[in-house]
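The next block holds one structure in the form of structure tokens; read it before the comments.
Everything quoted here is computed from the prediction, not taken from an experiment. Any value given below was found using the heavy atoms of this structure, including those in side chains, with hydrogens, waters and symmetry copies removed.
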Amino acid sequence: MMEKDAKIYVAGHRGMVGSAIVRELERQGYHNLITRTHKELNLCRQDEVEAFFAKEQPEYVFLAAAKVGGIVANQDALADFMYDNMILEMNVIHSAWKNGCKKLEFLGSSCIYPRMAPQPMKESCLLTSELEKTNEAYALAKISGLKYCEFLNRQYGTDYISVMPTNLYGPNDNYHPTHSHVLPALIRRFHEAKEQNLPYVTCWGDGSPLREFLYVDDLANLCVFLMNHYSGNETVNAGTGKELTIKELTELVAKVIGYTGEIRWDTSKPNGTPRKLLDVSKSAALGWTYQTELEDGIRFAYEDFLNNPMRAER
């Protein structure tokens with residue numbers, strides 16, 4: 001168990017996941033948190049990361065920093081997504097090990113699993129067949145991070161764990177028009193359509209892919225729970241165990257936002273992976289389950305979007 005006054009470093013604290021972890025830690029009474037902005041600490045610079053760890057000596061690390069984006073961003077910047085993510089995670093994990101960090105938690109993504117993995121996807125299906133090409137670079141970087149944690153455990157006896165979330169959404173999300181993920185992109189698109197009184201909204205693909213969504217504050221609760229209650233080389237899936245089609249998702253977002261126009265589909269655009277549902281039996285067996293249902297979570301996310309207009313500029 002982490003002591004309430006333990007020195008805890010949250011990497012990526014300004015992002016959606018990192019900020020949620022900070023909120024959850026503070027809610028549970030942890031008060032010795034360390035954070036750094038990108039200007040204060042460039043995690044892609046090995047010398048800066050090594051100097052930071054040598055000086056601060058954090059006891060626990062939540063590695064939530066990452067270069068993230070949707071299908072367009074991943075396709076347009078394959079090399080950038082692979083390099084930036086691999087470099088920053090290796091720098092942080094290696095420096096944590098060199099400086100005697102008690103425990104580290106690495107945050108990955110469900111895109112690490114094969115494109116055609118048996119559904120729901122168990123943690124054991126990792127590296128059993130080929131990845132989805134549209135986010136292969138990001139997935140390979142994340143796989144490298146979780147494997148480095150595993151190999152440090154096996155070679156040096158560290159206590160480093162990995163968590164693989166499903167699709168996330170919630171406060172502090174990225175609503176960029178082309179570089180965001182599907183749910184925040186839909187929130188922005190339907191909001192603007194409602195504001196402009198547009199007769200229809202065009203969405204990518206045919207609406208058939210199945211997706212699972214987890215509210216980010218639920219993930220943060222699981223992250224702290226696992227830091228206190230789980231040790232092991234195999235990653236832990238983070239999800240709800242529930243799925244819906246992208247078509248159903250768009251209709252739900254339109255309902256929450258109050259958009260009543262037509263929804264059209266551009267089938268010339270890619271669908272992405274046909275189905276992505278995580279097997280969450282491991283986290284359930286550990287005693288954890290999600291709390292926020294999707295419609296409520298979308299409402300919370302939309303309120304955050306409305307209350308923070310700069311979200312739409314990112």
Side-chain angles (χ1 to χ4, degrees), residues 8-31 33-38 62-70 73 105-111 163-192 194-195 211-227 238-240 242 244 249-250 252-259 278 283 288-314:
I8 303 171
Y9 171 46
V10 181
H13 76 287
R14 284 188 165 179
M16 177 174 62
V17 173
S19 60
I21 291 173
V22 169
R23 286 195 301 274
E24 182 64 21
L25 287 167
E26 291 176 339
R27 187 187 71 81
Q28 293 193 29
Y30 295 97
H31 53 82
L33 307 185
I34 312 168
T35 59
R36 291 291 187 276
T37 65
H38 177 70
F62 290 87
L63 179 42
K67 181 183 180 71
V68 297
E105 184 175 288
F106 174 69
L107 274 294
S109 165
S110 60
C111 70
V163 185
M164 294 302 125
T166 187
N167 299 286
L168 300 170
Y169 69 101
N172 207 22
D173 208 339
N174 170 20
Y175 296 91
H176 190 279
T178 57
H179 295 160
S180 58
H181 289 107
V182 60
L183 207 160
L186 289 173
I187 288 175
R188 175 174 179 155
R189 196 171 302 164
F190 282 113
H191 170 76
E192 292 178 346
K194 178 184 175 183
E195 292 289 294
R211 290 293 182 269
E212 173 187 22
F213 295 90
L214 178 66
Y215 189 60
V216 72
D217 284 57
D218 287 351
L219 170 67
N221 180 261
L222 174 62
C223 287
V224 177
F225 175 85
L226 291 174
M227 191 68 105
T240 64
K242 297 180 179 180
L244 76 169
L249 176 69
T250 60
L252 187 57
V253 173
K255 173 188 172 185
V256 169
I257 290 174
Y259 176 75
L278 293 181
S283 59
W288 185 89
T289 187
Y290 79 100
Q291 298 297 314
T292 310
E293 296 297 345
L294 184 56
E295 184 168 345
D296 292 331
I298 294 172
R299 187 172 297 109
F300 298 151
Y302 186 44
E303 288 172 3
D304 177 70
F305 175 85
L306 293 176
N307 293 329
N308 298 275
M310 291 302 292
R311 298 268 192 268
E313 303 304 318
R314 300 189 313 184

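In this structure, CG on Leu294 lies 10.5 Å from CD on Glu212, to the nearest 0.5 angstrom. Atoms CH2 and CG, on Trp288 and Leu222 in that order, are 4.5 Å from each other to the nearest 0.5 Å. Distance CG/Leu63 to CZ/Phe106: 6.0 Å, rounded to 0.5 Å. Taken to the nearest 0.5 Å, the CG atom of Leu219 stands 5.5 Å off from the CG atom of Leu214. The structure places CG of Leu107 at 9.0 Å from CZ of Phe62, a figure rounded to the nearest 0.5 Å. Here Arg188 contributes atom CZ and Asn174 contributes atom CG; the two are 9.5 Å apart, rounded to the nearest 0.5 Å.
Asp218 contributes a side-chain N or O that, together with a main-chain N or O of Thr292, makes up a donor-acceptor pair within less than 3.5 Å. Between the side chain of Asn307 and the main chain of Glu303, a donor-acceptor pair closer than 3.5 Å is present.
Side-chain contact check for Leu252 versus Glu295: some heavy-atom pair is nearer than 4.5 Å. Using a 4.5 Å cut-off on side-chain heavy atoms (C-beta onward), His38 and Arg14 make no contact. With contacts defined as side-chain heavy-atom distances shorter than 4.5 Å, the pair Tyr259/Glu195 does not qualify. Contact of the Thr250 side chain with the Phe190 side chain is registered, since non-hydrogen atoms from C-beta on lie closer than 4.5 Å. Put simply, the side chain of Leu306 reaches to within 4.5 Å of the side chain of His191, judged on heavy atoms.
When all heavy atoms of Val163 and Ala238 are compared, the closest pair comes out as CG1-CB, 3.9 Å. The shortest heavy-atom contact between Leu278 and Pro165 is CD1-C, 4.0 Å. When all heavy atoms of Tyr175 and Ala301 are compared, the pair lying nearest together is OH-O, 3.5 Å. Taking both residues in full, the closest heavy atoms of Tyr9 and Ile34 are given as CD1-O, 3.3 Å, listed atom of the first, atom of the second, then distance. Of all the heavy atoms in Arg299 and Val256, the pair that sits closest is CA-CG1, 3.8 Å. Closest of all the heavy-atom pairs between Leu25 and Val10 is CD1-CG2, 3.8 Å.
With sequence neighbours left out, Glu26 forms a side-chain hydrogen bond (donor to acceptor under 3.5 Å, both in side chains) with no residue at all. For Ser109, there are no side-chain hydrogen bond (donor to acceptor under 3.5 Å, both in side chains) partners two or more places apart in sequence or in a different chain. Judged as a side chain to side chain contact (heavy atoms under 4.5 Å, CB included), and not counting sequence neighbours, the contacts of Asp217 are Ala20, Arg23, Pro171, Tyr215. Partners of His13 under the side-chain hydrogen bond (donor to acceptor under 3.5 Å, both in side chains) rule, at least two apart in sequence or in another chain, do not exist in this structure. Not a single side-chain hydrogen bond (donor to acceptor under 3.5 Å, both in side chains) links Lys194 to another residue, sequence neighbours left out. Remark: Gln28 engages Lys4, Glu24, Tyr30, Asn221, Val224 in a side chain to side chain contact (heavy atoms under 4.5 Å, CB included) (not counting sequence neighbours).
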Please step through side-chain contact (heavy atoms from CB on, under 4.5 Å) for the pair Leu249 and Ile298, ending with a clear verdict. CA-CA 10 Å; Leu249 176 69; Ile298 294 172; 4.3 Å; yes

Stepwise side-chain contact (heavy atoms from CB on, under 4.5 Å) test for Gln291 and Thr289: CA-CA 7 Å; Gln291 298 297 314; Thr289 187; 3.9 Å; yes

For a side-chain contact (heavy atoms from CB on, under 4.5 Å) check, start with the C-alpha distance between Leu183 and Asn167, then their side-chain angles and the critical distance, and finish with the verdict. CA-CA 9 Å; Leu183 207 160; Asn167 299 286; over 6 Å; no

